[in-house]
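Following: one structure in structure tokens, then a few remarks.
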Amino acid sequence: MGGTSSLLFLGTSSGAGKTTLNAAYCRYLAKGGKRVVPFKASNLSLNSYVTADGREIGMGQAFQAWACGIEPTADMNPVLVKPLGGGRMQVMLRGEPFMYVGPGTLMPKDEVMDRVCESYDLLCRDYDRVVCEGSGSPVELNLMEADMANIGLMRARGVPAVLIGDIERGGVFAAVYGTWLLMPEDVRPLMRGF
């Protein structure tokens, strides 16, 4: 990927601080003269932002883009899942409506992951650093097969990761150690720190 280096911030849970730490690291790299871009493969959120070309992404990735000193684009958050209530969700793919999912209807993971990787590869081509944000926890056993933003990205593109936790929540050491123990063996070598 043309010498681009990437780093993925994984969290022990939702709300662990991934979005904020990602933005801070993006800002740090941008201030150091790097051409840096944020990336979140898949985001579950109602808080969205409409890009200059009319596409919809997660607000967190828009915030991170501004920390980089750049305008947000759909490739920064290729999958945005918007809850609609009653177990139904709208899936936005590269900022445009793609499908509705709910009980009995699943997203075609392989097709969508191919598009996620296309977005990631485009960013790697155009930037020096891609700072990635995971989603929720990487070891939600009931969601691991469908994961794109955590282990899915690590497997698809070999992205190294750092695990973060929020000590304010309590139980952070158990959460960090438990997450490490539940990480699949094939991606553990990509873990770079805590």
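Looking at every heavy atom in both residues, Leu10 comes nearest to Ala161 through CD1-CB, 3.6 Å. Nearest heavy atoms, Pro38 versus Asn22: CB-OD1, 4.0 Å. The two atoms that bring Ser14 and Gly136 nearest to each other are OG-CA, 3.4 Å, heavy atoms only. Of all non-hydrogen atoms in Leu8 and Asn150, the two that sit nearest each other are CD2-O, 3.8 Å. The minimum heavy-atom distance linking Phe9 with Val131 is given by the pair CE1-CG1, 3.7 Å. In terms of heavy-atom proximity, Ala41 sits nearest to Val116 at CB-CG1, 3.5 Å.
The CZ atom of Phe63 lies 10.5 Å from the SG atom of Cys68; values are rounded to the nearest 0.5 Å. To the nearest 0.5 angstrom, Glu56 atom CD is 10.0 Å from Asn77 atom CG. Taking CD of Gln64 as the reference point, atom NZ of Lys40 lies at 8.0 Å (rounded to 0.5 Å). Atom CG in Leu29 sits 8.0 Å away from atom OG in Ser5 (nearest 0.5 Å). Separating the CD atom in Glu133 from the CG atom in Leu7 is a distance of 12.0 Å, to the nearest 0.5 Å. Separation of atoms CD1 (Ile164) and OG (Ser13) is listed at 9.0 Å; rounding is to 0.5 Å.
Judged as a ring pair (Phe, Tyr, Trp, His ring centres under 6.0 Å), and not counting sequence neighbours, the contacts of Tyr49 are Trp66. Partners of Ser45 under the side-chain hydrogen bond (donor to acceptor under 3.5 Å, both in side chains) rule, at least two apart in sequence or in another chain, do not exist in this structure. Considering only residues two or more places apart in sequence or on other chains, Glu140 meets the side-chain hydrogen bond (donor to acceptor under 3.5 Å, both in side chains) condition with none of them. Applying the side-chain hydrogen bond (donor to acceptor under 3.5 Å, both in side chains) criterion to Arg188, with sequence neighbours excluded, gives Glu185. A search for side-chain hydrogen bond (donor to acceptor under 3.5 Å, both in side chains) contacts involving Arg94 returns Asp75, Glu118, Ser119, not counting sequence neighbours.
Hydrophobic clustering (side-chain heavy atoms under 4.5 Å, transitive across Ile, Leu, Val, Met, Phe, Trp, Tyr) groups Met76 together with Val159. Both Met154 and Leu141 belong to a common hydrophobic cluster when Ile, Leu, Val, Met, Phe, Trp and Tyr are linked at side-chain heavy-atom distances under 4.5 angstrom. Cluster membership check: Val139 shares its hydrophobic cluster with Val172, using side-chain heavy-atom separations under 4.5 Å among Ile, Leu, Val, Met, Phe, Trp and Tyr. Cluster membership for Leu190 and Val176, using ILVMFWY side-chain heavy atoms within less than 4.5 angstrom, is shared. Val162 and Val37 fall into different hydrophobic clusters, where Ile, Leu, Val, Met, Phe, Trp and Tyr residues are linked whenever their side-chain heavy atoms come under 4.5 Å apart, directly or through other members.
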Listed pairs under 3.5 Å, donor-acceptor, residues 177-184 side chains, sequence neighbours left out:
unit_1, atom_1, unit_2, atom_2, d
Thr179, OG1, Ala175, O, 2.7

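Atom CD1 of Ile167 has 12 or fewer heavy atoms from other residues, nucleotides or ligands within 6.0 Å. Other residues, nucleotides and ligands contribute over 12 non-hydrogen atoms within 6.0 Å of the NZ atom of Lys109.
For Arg35 (side chain) and Asp126 (main-chain N/O), a donor-acceptor pair under 3.5 Å exists by modelled atom type. Judged purely by atom type and a 3.5 angstrom limit, Asn47 has no side-chain atom pairing as donor or acceptor with the backbone of Gly60. Using modelled atom types, no side-chain atom of Lys18 and backbone atom of Thr12 make a donor-acceptor pair closer than 3.5 Å.
Using a 4.5 Å heavy-atom cutoff, the side chains of Met107 and Met148 are in contact. Val130 places a side-chain heavy atom less than 4.5 Å from the side chain of Tyr120. Phe39 has its side chain out of reach of Ser6: every pair of non-hydrogen atoms, C-beta onward, lies at least 4.5 Å apart. Counting heavy atoms from C-beta outward, Met99 and Val112 have side chains that stay 4.5 Å or more apart. Within the 4.5 Å cutoff, no side-chain heavy atoms of Ile57 are placed close to those of Leu80. Considering only heavy atoms from C-beta on, Val79 comes within 4.5 Å of Leu93 through its side chain.
A salt bridge links Arg157 to Asp121: one of the charged nitrogens lies within less than 4.0 Å of a carboxylate oxygen.
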Intermediate values then yes/no, side-chain contact (heavy atoms from CB on, under 4.5 Å), Met92 and Arg55: CA-CA 9 Å; Met92 307 293 286; Arg55 297 175 186 242; over 6 Å; no
